[in-house]
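Proteins get letters first, then strands, A, B, ... in listed order; numbering begins at 1 in each. Source: prediction; values computed, not measured.
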Amino acid sequence: MFIVLLMPASRNYLYKYITLITSVFQLGITLCIIAGYIYKGDNVPKGVNAAEGFQYVERANWIDLNLGSLGKISIDYFVGLDGMSIGMIFLAALVLVIGALSSWTITQNQKGYHCLYLLLSTSIIGCFVALDFFLFYLFFELLLLPMYFLIGMWGGPRREYASIKFFLYTLLGSILILVVMIGLYFSVIDPVETAVTAGYAKEVKAVSPEIIKNVQADLAAGKIARLNTVHTFDIVHMMNPANYIPGSFLSAASDTMFCGRHVRFIAFLALLIGFAIKLPSVPFHTWLPDAHVEAPTPISVLLAALLLKVGAYGIIRIPYSIFPEGAIEYAWLVGILGVISIIYGALNALAMKDIKKLIAYSSVSHMGFVLLGLASVTAEGVNGAVFQMFSHGILSALLFLLAGVLYDRTGDRIIDNYRGLASRMPSYTIIVTITFFASLGLPGFSGFIGELFVLLGAFNAGSINGLLPKWMAMVGALGILIGAVYYLWTLQKMFFGKFWTRDAAHWNILKDLDTREKLMLIPLVLATIAFGLFPGLFFDYVSPSAATFVEHVMQTGKINLDLIQH
Amino acid sequence: MLPFIILLPGIEQLSLMVLSLPFFSFLLLFLFAHYLPGKGDLIATLFSFLSFVFSVILFVRVWGEGIITGNEYTWFEFFSAGKTSLRFTASIKIYDLSAIMLVLVCFISFLVHLYSLEYMKGKRNYSRYYPYLGLFTFSMLGIVLSDNLLITFMFWELVGFSSYLLIGFWYEKEEATRAAKKAFLFNRIGDTGFLIAILAIYFISSNPQFRTFEISTIKSIISSENLAGSALLFWIGLGIFAGCIGKSAQFPLQAWLPDAMEGPTPVSALIHAATMVAAGVYLLVKLFFLLHPDTLYIIALIGAVTAFAGALPALFQNDIKKVLAYSTISQLGYMVMAIGVGAPGAAFFHLITHGFFKACLFLSAGAVIHSMHHIKHDLFIKGQYRDFDSQDMRLMGGFYKRMPVTFYAYLISALALMGLPLFTGFLSKDAILESAWLWPTNSWMYLIPSLASLTVIITAVYIVRQTILIFFGEFRLPSVYPFAKEEFEKVKDPSFLMKIPLIILSLFCIWIFFSPNPLDTENGWLFKIPHLSFTVTLISVILTLSGIIAGYFIFRKSGGELLKEGAVVSVLKNNWYLDQLYYKILVAPGMQISRLLAFTDTKIIDGALHFLAISHVVFAHIIAWFDRVFVDGTVNLCVWIAGKTGGLARSFQTGRIQGYFIFALIALLSLLIWIIIQS
C-alpha cells in the first residue's frame, strides 16, 4: 500500500495509467481490509486507547537510540486501524481513485505531477493509520511538500501566493504540534520496553499486563532509574496517565504552569490550534479559499476531501485522546469555534462570486459541524462528527469535481457569468442538483445524517455531561438554513432560466458530461445516497470505537482534572 | 397476481405497497422515461391507480379496527457509552386518520395523473413530470404512514424537495425558479424549528434507555413521566408548529404559496391545495397529545390571523390561480385555528373536504387556462401571436356557455368552499366555527372566532367575484385583441381525461359522502361531530348568503374592482407587502452581513496576515541591513585594517635600490642612536 511509483520512464501517456492502476489497487486492498475488519460480536476490538483494540497492527522498531543518562528513544513504525480510522481509509482510497481519474486533464509535466500525487496519497493514508506520534508527524509534514508543489506548479494564476500561504499556515500549525510532541516525548515512557531495560522481564514478548502494572506503579513511586526509562512516541501509551514520569513536564501531577494555566491545558490548546488550521476552523481558515481557487481540480478534490479530514482526525486522535481534560475544560471553546465556523463560513459563502470560493467556504461551514460534534463528547456527537467527516469528504469531492467540469470547458468560474445551463447540460445539472441538495442536508443523503447526529449530540450534551449549552446546536441548525440559501441561489442563478453566458465564445464549448466525468461523479453520488439511506453501513464500524472514545475522554479527563487541580 | 397481492398481505405489507408504488414509478421513469412509450406517462398513471386501489382496500380493512401499529424496524443502531446501544427505528402506524389521509392523497394523486395526461401533453420536459409527481406522492405518503418522528421529518423535507422540483418545473422561466427557491427556503425556516423540536424530543425521557423518535413511545413516556403541560413540551410544541407554519403556509410564512402557483396547474391542485400544504395540519393533529395549552393559544391565534390575512388579498388578485392560492392559505388558517381551539377532529374533517373541493377548483381553473392556451396557440398558428397572460381573469368571461361541465364542477366546489348547506364544506367549516365560538374563556379570546366569522363573508365575496369574472359576462379578450373573438367560438369543455377528474371531485363535494344528514355530522359516515350550537350555524349561513349577495351586486358590473386603486388596494394586492418586508428585514441585512464578513475575511484576517508577513519581510530586510552594515562591516573593517597594514608593509618593498638604501640608512642611524642612548 505504501509504494510510491517513481518510474523514470519518459513516456508521458503512461503515468496517468500507472497512477490510476495504483490507486485502484489501493482501493482493492482497502476493501479487503474492510471486509476483514471485525466490528460485530461481544468482544469487538474497540481501539482508541488500548493497543490491543486496534486491528491490522504492524509494529516494528524503527529508531532506537540510547541517550545515556536521559534514557532511550524508541520510535516505532506502528500502524493500525480502529473505528475512527477505518472510515477515513475507505474515503481516502475512494477519493484517490476519483482524483487519479480527474488528473487525466493535467497535460504539462506529467511525470512530476504523478510522482507528487502518489507521494501525497502515501502520506494521506499514512496519517490515518499511524499510531506513533513521530510517524504521524512525519506523514503530516510529508503532506505539505507535494501539496505545495502541486498547487505552486500546476495551479491557477495566483498559485504562488496561494501555495506559500498554504505552506506557511500549515507550517505554523506543525510547529505547535512539534513542540508539544517533544514535550510529550520527554514525559512518557513505554512501559513494555522499560520493563525490559529495567530488568522486569527478559524480552518484550515476556512482558505481561501485571509486569506493566508493576512498572507503572514503580514509575509513579520514582523507583525506576532515569537511565532505564524508554521514552516513546506511541500515541496509545501517551493516553494512559500511568505512563507519565512523575514530575515531568507534561505529567498531570506536575505543577508546571504556563501563562497561569497548567501546561497540559496549554499543550491541548497548542495542538488544537495546530490541527484547527488544517481543519480549517475560523479564524485560521483564510488559506483555504485561496488554495482551493488556485489548485487544479484533482488537487482541490484531495484538499477538501482528505486533507481537511487529516486535521479533524488529528484532533480526535491527538489532543482529544492524549489531553482529554482539555477536551472537558475547553469544550465550550471548541463548540464556539465550531458554531462560528458554521455560521461564518455559510455567510461568507453567500457573498462569493466565484463558485470554487463558494464551495471552499461551504467546506469551512461543514467542517464546523465536526468541531461542534466533537466538542459535545457524546456518543451521538462523536459518531456524527466522524460521519460528517466522511460525508463531507464525498460531497466536497463531488462539488469540486463539478466546479472543475465547468472550469475545464471555459476557464471561467464566476457564477454571474452563466445562466440556464440546465438546457445545455442536462446530466450535469441533474448531478449538480443532487449534490447541492445532498450538501444542504436533504434527508436521504449522507449530509443530513452527519449534521443531525452532531446536532443531537450538541443539543443534549448539556443534559448528559454539561459540556455545551443548548443554544450552540440551535445556532448550528441555523447554519443549515443559510446553507440552503446559498446553494439554491447558485442553482437558480447558474442553471435555471434562459441559457446565456457572458462570453459568447463559451456557447459552443459547453457540452454535457463525457464518460470519464460520469465515471468520476456517479460513484460518489451513489455513495452519498447509500450512506444517507443506510448510515448503519458506517456506524457499525465506527460506533464501538466512538463509544470507547467518549468513555476514555470523560473518564481519563476527569482523572487528570482531579490531578491537575490537586 | 393481483388477487394474490390483495388477499395475502397483512395491513402493514399493504401499506408498504401503497407507499412504494409511487416510488417505483419515480425510479423507473426518472431513469428510463426516454425509452418508454409516451415517456412512461401511462405507466405512472397505472402505478398511481394501483396505489389508490390498495389504499382503498387498506381503508376498508382498517376502518373502525382501532390503531394498527406495525413492527418497529431497526434502521440502524450504534453503541452508546457502556453496553447500551441506541436503535434508530422506522415504523408504520395505521388508524382511521391515516387511512383516510392515505386514500385522499392516493385518490387526488391518481386524478391528477389522469388529468395531466391531457393537460401536460407535449409540454417541454414532459419526461420529468411524472417521476417528480411520483416522488412527491411517495414522500407525502411517507409522512402519512410513518410513526417515527425522524422518518416523518425526512419525508417532510423530501416533500419540500419534490415541491421545489415541481414549482420550478418550467425551469427556463425566471419567476418559476425564483418561486421554487422561495418555497423551499420558507419551508426550511419552519423546518429549522421542527428540527430543533426533534432534537429535544429525542432526549425527552430522563431514562437514558428511552432514546427514541417513535411517536407511540413518546406518548407513553409523556404519560408515564408526567410530562404533560411541562415547559419543555411548550417549546417542543412551538418547534413543531414552526414546521407547520412553513409547510402549511401560515402567517407569517405564507408568502411562498401564492408564488408557488408558477408550477403547472395540476401540480398546484395536488400539492399546493389538497395534500402537501395539509401536511402541517395533519402533523399537528397526529401530535395533538403533546401540545401544551399555551402552545394551543398561539396556534389558535396564528390560525385565525392566517384565515383572515389570507382571505383579504384574494379579493384583489387578477390571476385566476392566485385567488385560489390565497383562498387555500385562508382555509388552512381555519384548520390550524381549529387545532388551537382544541378541535383536531374538525380540523381534520375540513382538511379532507377542503382537499376535494380545492383540488376541484384548481382543476376547473386549469381547464379554463387550458382553453386560454388553446386560443393563444390558435392565434399563433394564424400568425396573430400575442403574448397575453392566459391566467388573467380580466381577459376571461362568458365561459359558462362554452364550458358547462367545467362550470358546474367549479360551481359545486365553490359552494362547498363558501360553506353552504348541502355541501361538504358546510359540514366541516361549521364544526370548526362552532368549536371556535364555544372556546373562549375570556373576552379577548373572542377575537379569534370573530376573525374566523368575518372571513366567512370575505370568502363568499371573493369566490363570487371569481365566478363572475371567469364564467359570466362577455369574453373580454377580444376587447384587447379583436381577432380572438372567433377563437372563443371554438372553446369547449376539455376532453374526457380532464373531465373525469372534474366530475368525480365535484361529486365528492356533496354532503352525502360524509353524512346522511346534509345539516349535521352527528351520524356521519367518517366523522361523527355533534352539533354544539345552532346559533353559530345559522349566523354563518346568513353571513355567507349576505357575502354572496353583496359580491353579486358589487361585481355584476364593476369588472372585478372592489375598491379604487389606493393604499389599501396595493397593500392587499401585494399580500401585505410581506415580501418587501422580508427583503428589508432579512434578505438585505443578511447580504450586508455576508458581504461584511467576506470583507473581514479578505481585508482584516488576511490583512493582518499580510501585515504579519510583510513585517516579517521588513524585519528580515532590517536584519539583512544590519548584517551588511554591522556584521559584514566589522568583518570588512578587519579586512580593511589588515589590508591597509599590508599595504603599508608592501609600500616598503617598492623594489627600488634607492629606497632600500634609505631604509638601510635609517635603520643604521636608528641603531647608532640607540647604541648611543644605551651607553
Can you say whether [X] sits under 4.5 Å from chain A via the side chain, the backbone, both, or neither, judging by heavy atoms?
{"X": "Leu596(B)", "value": "neither"}
{"X": "Leu185(B)", "value": "both"}
{"X": "Thr74(B)", "value": "neither"}
{"X": "Phe155(B)", "value": "neither"}
{"X": "Leu195(B)", "value": "side chain"}
{"X": "Ala200(B)", "value": "both"}

Engaged part of [X] at the chain B interface, taking heavy atoms whose separation is under 4.5 Å:
{"X": "Leu172(A)", "value": "neither"}
{"X": "Trp489(A)", "value": "both"}
{"X": "Tyr169(A)", "value": "side chain"}
{"X": "Phe499(A)", "value": "neither"}
{"X": "Lys165(A)", "value": "side chain"}
{"X": "Met554(A)", "value": "neither"}
{"X": "Ile482(A)", "value": "neither"}

Would you say the side chain of Phe495(A) lies within less than 4.5 Å of the side chain of Thr177(B), judging by non-hydrogen atoms?
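The answer is no; the side chains never approach within 4.5 Å.
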
Taking the side chain as every heavy atom from C-beta outward, state whether Arg128(B) and Ile430(A) have any pair of such atoms under 4.5 Å apart.
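The answer is yes; the side chains approach within 4.5 Å.
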
What is the ring orientation for His610(B) with Tyr161(A), classed by angle as parallel under 30°, tilted 30 to 60°, or perpendicular over 60°?
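Because their plane-to-plane angle is over 60°, the rings of His610(B) and Tyr161(A) count as perpendicular.
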
Which class fits the ring pair Phe453(A) and Phe88(B): parallel under 30°, tilted 30 to 60°, perpendicular over 60°?
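Ring orientation of Phe453(A) relative to Phe88(B): tilted.
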
Donor-acceptor check, side chain of Trp75(B) to backbone of Leu533(A), threshold 3.5 angstrom: yes or no?
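Side chain of Trp75(B) to backbone of Leu533(A): a pair is present.
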
Pick from Arg211(B), Glu157(B), Glu174(B) with the largest number of heavy-atom pairs that fall under 4.5 Å of chain A:
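Answer, by heavy-atom pair count under 4.5 Å with chain A: Glu157(B).
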
Chain A interface, residue from Leu158(B), Asp191(B), Ile593(B), Thr192(B) that has the most non-hydrogen pairs under 4.5 Å:
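Most heavy-atom pairs within the cutoff with chain A belong to Thr192(B).
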
Please find the pair of heavy atoms, one from [X] and one from [Y], that lie closest to each other, and give the distance.
{"X": "Met154(B)", "Y": "Gly444(A)", "result": "CE-N, 3.8 Å"}
{"X": "Asn460(A)", "Y": "Leu199(B)", "result": "ND2-O, 3.4 Å"}
{"X": "Gly441(A)", "Y": "Arg188(B)", "result": "O-NH2, 3.2 Å"}

Can we call the ring centroids of Phe437(A) and Phe184(B) under 6.0 Å apart?
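Yes, the ring of Phe437(A) comes within the 6.0 Å limit of the ring of Phe184(B), centre to centre.
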
